[in-house]
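Every heavy atom of this structure was used, including side-chain atoms; hydrogens, water molecules and symmetry mates were not.
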Amino acid sequence: MSHNETPGSVRIRTDDGNEWRFDAIQKAARFYDCNRSNAVAFACEDVDELVSAARAVLERDDLTREQRREIAETLSTRAVSFDLESSVTVTKKGDA
């Protein structure tokens with residue numbers, strides 16, 4: 001998206017069963033010690049890097065299958081899960 005196409009604001013619905021989103025944004029703002037808008041942006045940028053880093057760790061040759069399983073279980077969240085096969089796969093909520 002070019003800079004000219006960037007909207008002036010983005011709305012995140014927090015009603016009708018989406019109240020958890022506001023709590024998540026508040027937690028991110030506390031974590032990053034910034035306002036909610038910046039917290040959402042920081043979290044969005046960080047997630048790609050964190051998933052890539054987790055995948056790199058899980059693909060290391062010096063880990064046992066059990067170590068990989070424990071790491072995958074520890075790093076999995078409600079929206080991202082790491083499953084071990086002969087290769088590492090990442091499943092995002094909505095893909096399953």
Side-chain angles (χ1 to χ4, degrees):
M1 177 179 282
S2 74
H3 185 67
N4 292 342
E5 297 174 24
T6 304
S9 65
V10 177
R11 180 175 148 180
I12 299 174
R13 295 191 61 96
T14 57
D15 59 351
D16 298 330
N18 294 311
E19 293 82 4
W20 65 271
R21 291 176 177 175
F22 185 75
D23 294 334
I25 293 167
Q26 291 287 83
K27 281 195 265 185
R30 283 192 298 276
F31 176 81
Y32 289 111
D33 191 27
C34 63
N35 64 45
R36 292 186 299 255
S37 295
N38 283 339
V40 170
F42 293 154
C44 290
E45 287 187 346
D46 284 351
V47 72
D48 187 52
E49 291 185 36
L50 291 169
V51 168
S52 294
R55 180 176 284 175
V57 168
L58 291 169
E59 290 175 340
R60 287 178 27 186
D61 291 333
D62 62 331
L63 297 174
T64 66
R65 182 155 177 79
E66 180 64 19
Q67 288 171 320
R68 289 179 186 164
R69 187 195 62 72
E70 289 175 2
I71 292 167
E73 185 177 304
T74 300
L75 296 177
S76 292
T77 65
R78 93 186 208 167
V80 176
S81 65
F82 297 89
D83 299 313
L84 300 174
E85 298 171 2
S86 53
S87 63
V88 177
T89 60
V90 178
T91 305
K92 299 178 292 291
K93 186 175 182 179
D95 286 351

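- A distance of 3.5 Å separates CG in Asp46 from OH in Tyr32, rounded to the nearest 0.5 Å.
- Partners of Glu66 under the side chain to side chain contact (heavy atoms under 4.5 Å, CB included) rule, at least two apart in sequence or in another chain, are Thr64, Arg69, Glu70.
- In this structure, the separation between OG on Ser76 and CD1 on Ile71 is 11.5 Å, given to the nearest 0.5 Å.
- In this structure, Val51 is a member of the same hydrophobic cluster as Leu63, with clusters built from ILVMFWY side-chain heavy atoms closer than 4.5 Å.
- Ion pair Arg21/Asp23 not flagged as a salt bridge, since none of the NZ, NE, NH1 or NH2 atoms sits closer than 4.0 Å to an Asp/Glu carboxylate oxygen.
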Can you check salt bridge (Lys or Arg N to Asp or Glu O under 4.0 Å) on Arg30 and Asp33, steps first, answer last? CA-CA 5 Å; Arg30 283 192 298 276; Asp33 191 27; over 6 Å; no
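- To the nearest 0.5 Å, atom CZ of residue Arg36 and atom NZ of residue Lys27 are 15.5 Å apart.
- Phe82 contributes atom CZ, which lies 7.5 Å from atom OG1 of Thr77 (distance to the nearest 0.5 angstrom).
- With rounding to the nearest 0.5 Å, the separation of CG in Leu75 from CG in Leu50 is 9.0 Å.
- Note that OG of Ser81 is 10.5 Å distant from NZ of Lys92, once rounded to the nearest 0.5 Å.
- Minimum heavy-atom separation, Ala28 to Ala39: C-CB, 3.6 Å.
- Heavy atoms of other residues, nucleotides or ligands lying less than 6.0 angstrom from CG of Asp62 number more than 12.
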With side chain to side chain contact (heavy atoms under 4.5 Å, CB included) as the test, would you mind laying out the steps for Gln67 and Arg65 before giving the verdict? CA-CA 5 Å; Gln67 288 171 320; Arg65 182 155 177 79; over 6 Å; no
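- Note on Leu84 and Val57: same hydrophobic cluster, where clusters join Ile, Leu, Val, Met, Phe, Trp and Tyr whose side-chain heavy atoms are under 4.5 Å apart, directly or indirectly.
- Residues passing the ring-ring contact (aromatic ring centres under 6.0 Å, His included) test with Phe22: none are found, sequence neighbours excluded.
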